Amino acid sequence: MFSAADSVRKENVGDTVHLRALIEFSNICKNNCLYCGIRAGNAKIKRYRLTADEILSLAKSAKEMGLHTIVLQSAEDLGYKTSDLCHIIEGIKRLDVAVTLSIGERTYAEYKAYKEAGADRYLLRIETTDKYLYHKLDPKMDWERRFACLLALKDLKYELGTGSLIGLPSQTIESMAEDILFFKRLDADMIGVGPFIPHPDTPLKDAKGGTLTMALKVMALTRLMLPNINIPATTAMETLEAGGRNKALQSGANVIMPNITLSDLSKNYALYPNKSRTPLADIKAAILKLGRTVGTDRGQSIAYRLKSCS
Ligand code: 5AD
């Protein structure tokens with residue numbers, strides 16, 4: 001299955017690996033997801049929120065490093081006004097790069113404002129399509145509302161990314177299969193799947209967590225079902241097993257998201273423990289060693305491009 005996914009990746013999206021500069025700009029969260037290390041209830045981490053200038057200066061350094069997509073990710077922090085976020089997006093767009101937002105659930109009007117400010121893409125994982133499990137693990141959150149956010153983003157013509165966690169407590173094989181069918185029905189442009197890694201300062205600290213193999217299987221099947229999309233080799237895969245990222249790149253993945261947040265801050269963005277952090281030069285060397293090439297453009301999803309042309 002892994003080698004089939006590798007061939008389908010090669011035939012449909014080629015050998016290029018696209019790099020995205022990940023900026024984790026705030027870890028202040030209103031939610032309390034049981035699996036997440038930066039949940040509101042975790043009093044042990046130091047909370048931070050970058051200013052617009054700090055975010056812009058990180059984006060500039062990403063551009064100087066030769067990265068052409070900036071991913072602005074944060075916890076569900078309502079501390080930035082819509083106009084602040086739009087101002088940040090506009091500033092980054094002046095660098096002539098693609099902007100991806102990953103800032104959680106917002107209103108249609110907010111998503112529209114970000115798009116008009118220049119945001120190109122949006123990442124919002126559905127986390128699981130098992131609604132019972134979702135409501136158990138994400139108190140205060142509502143599966144239907146999250147799904148409605150994905151539909152709103154689609155309606156606004158964002159290049160859309162979603163994905164799920166693999167190995168949540170009591171998650172079944174059938175429900176992971178449903179996740180893949182959900183990705184297909186949604187006709188997403190990017191899918192990120194990662195193993196759930198228990199965090200010691202969360203209620204799920206004693207859970208078993210996901211395995212790399214199972215996460216790779218879901219990822220590989222996703223590639224077979226959605227041949228033209230972008231699929232990241234996720235940081236959680238590398239965290240679970242050194243070399244996990246390479247395995248992912250050889251089982252259907254074609255994207256890596258190097259973290260460019262200052263490491264002193266990023267250590268407080270611990271969704272899960274021991275989050276892997278590989279220097280950009282090492283990531284590039286690993287890509288070349290696999291016989292692949294490093295992307296030199298924005299790396300738009302082919303699935304999205306084909307839709308926009310039709
Ligand atoms: N292990 C792995 N991934 C996690 N995420 C949150 N907590 C964990 C964890 N303990 C993922 C969620 C979220 C993404 C940003 O990080 O899927 O959407």
Side-chain angles (χ1 to χ4, degrees), residues 1-22 67-69 71 97-98 100 102 120-126 129 150 153-154 157-164 166 176-195 212-238 243-258 283-284 286-310:
M1 185 161 70
F2 294 158
S3 70
D6 195 40
S7 308
V8 167
R9 183 271 309 153
K10 191 179 171 76
E11 269 163 47
N12 290 277
V13 299
D15 279 336
T16 304
V17 177
H18 304 293
L19 301 180
R20 319 306 196 188
L22 176 65
L67 301 169
H68 309 281
T69 294
V71 182
V97 290
T100 304
S102 178
D120 304 279
R121 309 177 186 152
Y122 207 101
L123 285 183
L124 182 74
R125 285 188 178 174
I126 193 71
T129 52
L150 287 170
L153 292 161
K154 194 138 189 92
K157 307 236 172 346
Y158 275 94
E159 190 174 334
L160 184 58
T162 185
S164 57
I166 303 302
M176 292 183 254
E178 284 295 340
D179 293 351
I180 301 171
L181 294 172
F182 173 86
F183 303 152
K184 176 88 182 168
R185 272 198 306 278
L186 183 67
D187 192 20
D189 306 300
M190 183 274 210
I191 296 294
V193 295
L212 176 63
T213 304
M214 187 55 78
L216 289 174
K217 285 182 185 176
V218 174
M219 189 200 73
L221 280 172
T222 300
R223 169 60 73 199
L224 296 176
M225 295 283 285
L226 291 140
N228 293 326
I229 62 167
N230 281 333
I231 299 187
T234 53
T235 308
M237 290 176 169
E238 181 68 20
R245 185 190 292 122
N246 285 354
K247 282 190 184 168
L249 286 177
Q250 294 175 291
S251 312
N254 70 323
V255 170
I256 297 178
M257 297 166 65
I283 289 178
K284 286 186 179 170
I287 292 170
L288 298 178
K289 204 164 163 217
L290 291 176
R292 308 276 282 275
T293 51
V294 178
T296 52
D297 64 10
R298 295 176 185 201
Q300 191 184 52
S301 144
I302 293 178
Y304 182 80
R305 190 174 315 152
L306 292 175
K307 268 177 274 185
S308 333
C309 294
S310 62

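Just so you know, these numbers come straight off a predicted model, no measurement behind them. All residue numbers refer to positions in the sequence shown, counting from 1.
Listed by chain and number, the residues in a side-chain hydrogen bond (donor to acceptor under 3.5 Å, both in side chains) with D179 are T129, S164 (sequence neighbours excluded). A search for ring-ring contact (aromatic ring centres under 6.0 Å, His included) contacts involving Y122 returns Y111, Y158, not counting sequence neighbours. With sequence neighbours excluded, the residues forming a side-chain hydrogen bond (donor to acceptor under 3.5 Å, both in side chains) with T69 are R20, R121, listed by chain and number. Residues passing the side-chain hydrogen bond (donor to acceptor under 3.5 Å, both in side chains) test with K10, sequence neighbours excluded: D15. Listed by chain and number, the residues in a side-chain hydrogen bond (donor to acceptor under 3.5 Å, both in side chains) with K247 are E241 (sequence neighbours excluded).
I283 is listed as a side-chain neighbour of R245, based on a closest heavy-atom distance under 4.5 Å. Annotation: side chain of M190 is not in contact with side chain of S301 (no heavy-atom distance under 4.5 Å). In this structure, the side chains of Y304 and D120 stay at 4.5 Å or more apart for every pair of heavy atoms. Counting only heavy atoms from C-beta outward, the side chains of I166 and M219 never approach each other to under 4.5 Å.
Between the side chain of Q250 and the main chain of S3, no donor-acceptor pair closer than 3.5 Å is present. A distance-only check finds a donor-acceptor pair linking the side chain of K154 to the backbone of L186 [under 3.5 Å]. Not one N or O on the side chain of H18 forms a donor-acceptor pair closer than 3.5 Å with the backbone of I256. Checking side-chain atoms of T162 against main-chain N and O of I126 turns up a donor-acceptor pair under 3.5 Å. Under the 3.5 Å distance criterion, the side-chain polar atoms of R125 are matched with a main-chain donor or acceptor of G192. Without hydrogens or angle criteria, N12 side chain to V8 main chain gives a donor-acceptor distance under 3.5 Å.
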Using a 3.5 Å cut-off and no angle test, enumerate the donor-acceptor pairs between side-chain atoms of residues 227-237 and protein atoms at least two apart in sequence or in another chain.
unit_1	atom_1	unit_2	atom_2	d
N230	OD1	N254	ND2	2.9
N230	ND2	G299	O	3.1
T234	OG1	V193	O	3.0

Would V255 and V17 count as a side-chain contact (heavy atoms from CB on, under 4.5 Å) if you check the C-alpha gap in whole Å, the side-chain angles of each, and the deciding distance to 0.1 Å? CA-CA 5 Å; V255 170; V17 177; 5.7 Å; no
D6 and R223: CA distance, side-chain angles, deciding distance, salt bridge (Lys or Arg N to Asp or Glu O under 4.0 Å) verdict: CA-CA 8 Å; D6 195 40; R223 169 60 73 199; over 6 Å; no
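When all heavy atoms of R9 and L249 are compared, the closest pair comes out as NE-O, 4.2 Å.
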